[in-house]
Amino acid sequence: MSAFLGELIGTMILIALGGGVCAGVSLKRSYAANSGWIVIAMGWGLAVAMAAYAVGPISGAHLNPALTVGMALLGAFPWADVPAYIAAQLLGAMAGAVLVYMHYLPHWKVTEDAGAKLGVFATGPAVPHLFGNLMSEIIGTFILVLGILAIGANELTAGIGPFIVGFLIVSIGLSLGGTTGYAINPARDLGPRIMHMLLPIPGKGGSNWGYAWVPVAGPMIGGALGGLFYKTVFLGQADTLVWVVSGIVLVILVIALLTSRRGGKVSEQAK
């Protein structure tokens, strides 16, 4: 199996299990309905672990464009392979969303809440606030990439790495996920959001494209900062790229902050 196919299948497994737990908790007449945030966080953590076990030996199981870019900035992954990995991750996320839709097929019609249906596929802010929501995604993904790199630097019993990374996802979800639903992965949000728009889901409402850039830009910034921080602080390999990326990020954050102060808000999830 090629690395491209490995990333595609791994991301499909990730979204099938991760989106699946969101559907189980959110959709009407599911036995898991209303079981809560801890169930969602555990479901996503185990989803990451299972996907990583499935394709880790094949592609390295990035499953996330933010991690791929962070690894490339660190110098641990070739830039030439980045576009193919991101394309595979996006396609895999779309395929996983289709599996969730098919699995819960009779539940869409009996669920009236359009926001709950969108929440199965994509994230949204608990409190719409452009700068705050962007910062949440940046910080969560920064911790994700830094944590994965730190875990990889330790000597671990063979085969336990993906399980530990899964608990890292649970930790981020429980501690940092309550603000935006912790996309921390552009493919995880964008791919399923596209499928929410395309699939014939009864009473689904809009896909909230006004917010959709936040769970893409935030994780990409956070992933880049995580990789560069590890390279600079942990490995002691600072270079001009650190300052270039930091400058770009600073400009983006200033623009987001000024927009927020002028009253700019992201749209509500169900719109």
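Quick note: residue numbers are just sequence positions, from 1.
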Would you call Arg188 and Asn64 a side-chain contact if the rule is heavy atoms closer than 4.5 Å?
no
Verify the distance criterion only: is there a donor paired with an acceptor across the side chains of Gln89 and Thr68 at less than 3.5 Å?
yes
Do Trp209 and Met197 come within less than 4.5 Å of each other through their side chains, counting heavy atoms only?
yes
Quick one: pull up CD1 in Ile164 and CD1 in Ile160 and give me the separation to the nearest 0.5 Å.
4.5 Å
Kindly determine whether Asn133 and Thr180 satisfy side-chain hydrogen bond (donor to acceptor under 3.5 Å, both in side chains), including the steps that lead there.
CA-CA 6 Å; Asn133 302 151; Thr180 60; over 6 Å; no
Atom OG1 of Thr123 and atom CG of Asp189: how far apart are they, to the nearest 0.5 Å?
3.5 Å
Find the distance between CG (Leu73) and CZ (Phe229) and round it off to the nearest 0.5 Å.
15.0 Å
In Å and rounded to the nearest 0.5 Å, what is the CD1 to CG distance from Ile9 to Leu91?
12.0 Å
Mind listing the closest non-hydrogen atom pair of Ile184 and Ile169 along with its distance?
CD1-CD1, 4.4 Å
Taking the side chain as C-beta and beyond, is there a heavy-atom pair between Leu144 and Leu67 under 4.5 Å?
no
Ring centres of Trp108 and Phe121 under 6.0 Å apart?
yes
So do Thr179 and Met135 actually touch side chain to side chain, heavy atoms under 4.5 Å?
no
When the ring centroid of Phe77 is compared with that of His62, is the distance short of 6.0 Å?
yes
How long is the straight-line distance from OG of Ser246 back to CG of Leu241, given to the nearest 0.5 Å?
9.0 Å
Smallest separation among heavy atoms of Gly191 and Ala93, with atom names:
CA-CB, 4.2 Å
Is it the case that one hydrophobic cluster holds both Trp37 and Trp44, taking links as side-chain heavy atoms less than 4.5 Å apart, direct or via other members?
yes
For Gly20 and Tyr104 the tightest heavy-atom approach is O-OH, 3.2 Å
Heavy-atom closest pair, residues His196 and Gly206
CE1-O, 3.4 Å
Side chain Arg193, main chain Ser207, donor-acceptor under 3.5 Å:
yes
Quick one: does Ile15's side chain get under 4.5 Å of Pro192's, heavy atoms only?
yes
Is it possible for you to say whether Leu257 and Ile255 belong to one hydrophobic cluster, with membership spreading through side-chain heavy-atom contacts below 4.5 Å?
no
Only one of Lys204, Lys28, Lys117, Arg29 passes salt bridge (Lys or Arg N to Asp or Glu O under 4.0 Å) with Glu112; say which it is.
Lys28
Decide yes or no for Tyr85 and Leu63: does some side-chain heavy atom of the first lie under 4.5 Å from some side-chain heavy atom of the second?
no
I'd like to check Leu134 versus Leu253 (side-chain heavy atoms, cut-off strictly below 4.5 Å). Are they in contact?
yes
To the nearest 0.5 Å, what is the distance between CG (Leu146) and CG (Leu228)?
11.5 Å
Closest heavy-atom pair and its distance - Val120, Ser26:
CG2-CB, 4.4 Å
What is the minimum heavy-atom distance between Ser59 and Gly6, and which atoms define it?
OG-C, 4.0 Å
Ser30 side chain to Gly24 backbone, donor-acceptor under 3.5 Å:
yes
Can you say whether the rings of Phe234 and Tyr230 are parallel (under 30°), tilted (30 to 60°) or perpendicular (over 60°)?
parallel
Heavy-atom side-chain contact between Leu74 and Val145 under 4.5 Å
no
